[in-house]
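Note that this is a predicted model, so its numbers are computed, not measured. What you see below is based on every heavy atom in this structure, not just the backbone, and it leaves out hydrogens, waters and symmetry mates.
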Amino acid sequence: MKVYTLGGYEEVGRNMTAVEVEGEVVIFDMGYDMEEVVNSEGQIDEMTTNQTLETGAIPEDEQLLDKNVVAIVIGHGHLDHVGAIPKLAGAYDNAPIYATPYTMKIIERMIDDDRKNISNDMITVQKGEETDLTDNLSLEFAHVNHSIPDATLSLLDTPEGYVVYGNDMKIDQSPIIEETTDVERLKEVGEEGVTLMVPGTTRVDSDGRARSEKSVEVELKDVLDSCYQAGGAVIASTFSSQISRLNSLIDANNGRRKIAFVGRSLKEYVKSAEELGLIDTSNIEVVSYFNECDDVMSKVDDNKEDWLVVATGNQGEPGAQMDKISSGTYGFNFEKGDHVIFSSKVIPTPVNEANRHTLEKKMKERGVRIYKGIHTTGHAHREDHRDFIKFLDPENIVPSHGHIQKLGSYVELAREEGYTLEEDIFISENGREIQIN
């Protein structure tokens with residue numbers, strides 16, 4: 001068995017890993033490096049593949065171009081896992097793309113937006129179903145908790161044992177719209193024999209366990225109740241793919257104010273979620289075009305205490321809705337005593353931190369009351385990771401989705417569980433090939 005670590009091994013994002021067994025290659029994920037996307041001078045969806053490669057926003061996949069790639073497997077729908085599909089998948093047009101229903105809707109939308117000629121078959125697979133990729137390889141998606149619906153562990157059954165590709169996962173004992181991670185299935189796979197596990201390391205250096213989505217729902221209601229009691233405009237911002245969090249905001253509002261969702265990514269993620277019955281926006285104004293946003297925000301400005309606004313741009317990205325609202329781009333102006341709730345964390349990159357600082361500075365100058373960090377991560381903390389190791393009992397581990405410090409933190413944890421560096425756990429880098437014996 002060979003492992004090709006193509007992206008996500010020197011950064012958080014740009015995820016892409018491939019596994020070769022008996023001459024057949026399966027690719028797991030094709031993602032963006034989100035910081036490079038933000039830094040890019042042009043619109044990524046208007047660039048050619050080569051232009052995008054030059055920005056560093058997508059993985060370099062030259063190692064695979066002469067290989068027998070039989071499948072592209074996508075574990076969930078975040079852009080750092082699916083964003084490069086329109087650029088790279090066409091080189092493997094004989095390899096179908098496999099994903100769960102919600103993830104597949106996101107992939108299809110991205111391909112349409114990018115306007116590239118992608119001819120790969122699109123095969124939707126339900127969680128818990130086993131699908132034959134070839135005569136030797138089969139795939140199952142196991143349910144795990146994350147911060148987006150339909151997140152999975154990809155279970156690749158091979159003649160040399162299971163390959164478990166996780167990357168983003170946690171165990172939430174009190175989720176909002178889905179069940180708890182399917183621990184029993186993971187234990188069964190562990191007993192059957194896992195040759196290789198590829199976990200994400202994004203929060204491995206955080207102690208304890210990631211807190212539940214339910215606990216955030218309780219905190220959101222408390223904050224929203226206090227804001228409504230104090231009066232003034234209330235604007236919340238979270239990640240557009242966080243459908244559980246959007247449901248929590250709707251429930252916490254409990255019909256007290258009209259709700260508007262403002263922003264393109266919110267509209268797109270919510271539309272896909274509504275088609276699968278994961279959210280109900282029938283009584284919500286969902287807008288994305290400039291004139292629509294301007295109209296809604298003007299109505300909010302006229303009657304601030306009648307509305308709860310949920311807007312994109314929680315990282316402070318220039319040109320996103322929170323930036324436009326705070327800059328007075330629309331017919332809305334913040335006043336002293338208005339409220340902004342950030343149900344998110346700043347992704348820790350210099351660009352994001354600078355953008356968010358600028359956004360908060362503009363709001364504070366207007367006297368806005370800011371509530372930060374009402375959030376939980378979708379990524380396993382240290383003790384969650386220990387559980388995944390114990391449940392799956394993998395013979396080998398290649399940690400991913402992090403820079404060297406995070407990969408190193410995972411190795412420290414794995415050593416506590418009996419693994420040895422470069423014998424059965426490997427710190428990799430982008431472009432490396434690892435032989436698993």
Residues which pass side chain to side chain contact (heavy atoms under 4.5 Å, CB included) with Asp251, listed by chain and number, not counting sequence neighbours:
Glu217
Going from OG on Ser344 to CD on Gln242, what distance comes out if it is rounded to the nearest 0.5 angstrom?
10.0 Å
From the list Asn396, Leu196, Val398, side-chain contact (heavy atoms from CB on, under 4.5 Å) with Ile434 holds only for Val398
What residues form a side-chain hydrogen bond (donor to acceptor under 3.5 Å, both in side chains) with Tyr4, not counting sequence neighbours?
Glu20, Lys67
Residues in side chain to side chain contact (heavy atoms under 4.5 Å, CB included) contact with Ser206, at least two apart in sequence or another chain
Arg203, His381
Presence of salt bridge, Lys187 and Asp393, under 4.0 angstrom
no
Where do Pro399 and Leu407 come nearest, in terms of heavy atoms and distance?
O-CD2, 3.5 Å
Run the ring-ring contact (aromatic ring centres under 6.0 Å, His included) test against His385 and tell me which residues pass, sequence neighbours left out.
Tyr410
Quick check: His401 with His81 (ring centres under 6.0 Å apart)?
yes
Sequence-distant partners of Phe28, ring-ring contact (aromatic ring centres under 6.0 Å, His included), two or more places apart:
Tyr165
Applying ring-ring contact (aromatic ring centres under 6.0 Å, His included) to Tyr371 and not counting sequence neighbours gives His339
Distance, nearest 0.5 Å, that separates CG of Leu6 from CG of Asp61:
7.0 Å
Is the closest basic N to carboxylate O distance between Glu140 and Lys127 below 4.0 Å?
no
Going by heavy atoms in the side chains, are His76 and Val144 under 4.5 Å from each other?
no
List the residues meeting side-chain hydrogen bond (donor to acceptor under 3.5 Å, both in side chains) with Asp172, not counting sequence neighbours, and say none if there are none.
none
Test of understanding: with side-chain hydrogen bond (donor to acceptor under 3.5 Å, both in side chains), list the residues that count as partners of Glu184, not counting sequence neighbours.
none
Is a salt bridge present between Glu60 and Arg14, judged by a nitrogen-to-oxygen distance below 4.0 Å?
no
Identify every side-chain donor-acceptor pair in residues 102-109 under 3.5 Å, counting partners at least two apart or on other chains, and give the distances.
{"residue": "Tyr102", "atom": "OH", "partner": "Tyr269", "partner atom": "O", "Å": "3.1"}
{"residue": "Thr103", "atom": "OG1", "partner": "Thr100", "partner atom": "OG1", "Å": "3.2"}
{"residue": "Lys105", "atom": "NZ", "partner": "Glu275", "partner atom": "OE1", "Å": "2.7"}
{"residue": "Arg109", "atom": "NH1", "partner": "Glu268", "partner atom": "OE1", "Å": "2.8"}

Shortest non-hydrogen separation from Tyr9 to Thr17 and the atoms involved:
OH-OG1, 2.6 Å
Nearest heavy atoms of Ala95 and Val69, plus distance in Å:
CB-O, 3.5 Å
Option from Glu179, Glu192, Glu130 for which salt bridge (charged side-chain N to carboxylate O under 4.0 Å, His left out) with Arg185 holds
Glu192
Is it true that the NZ or CZ of Arg356 lies under 6.0 Å from the centre of Phe342's six-membered ring and within 45 degrees of the ring axis?
yes
Taking only residues two or more places apart in sequence, or in another chain, which ones meet Phe239 in a ring-ring contact (aromatic ring centres under 6.0 Å, His included)?
His375
Holding to side chain to side chain contact (heavy atoms under 4.5 Å, CB included), I want the full list of residues that pass it with Glu423, two or more places apart in sequence or in another chain.
Thr420
Please name all residues satisfying side chain to side chain contact (heavy atoms under 4.5 Å, CB included) with Arg386, sequence neighbours left out, ordered by chain then number.
Arg382, Glu383, Lys390, Leu413, Glu416, Glu417
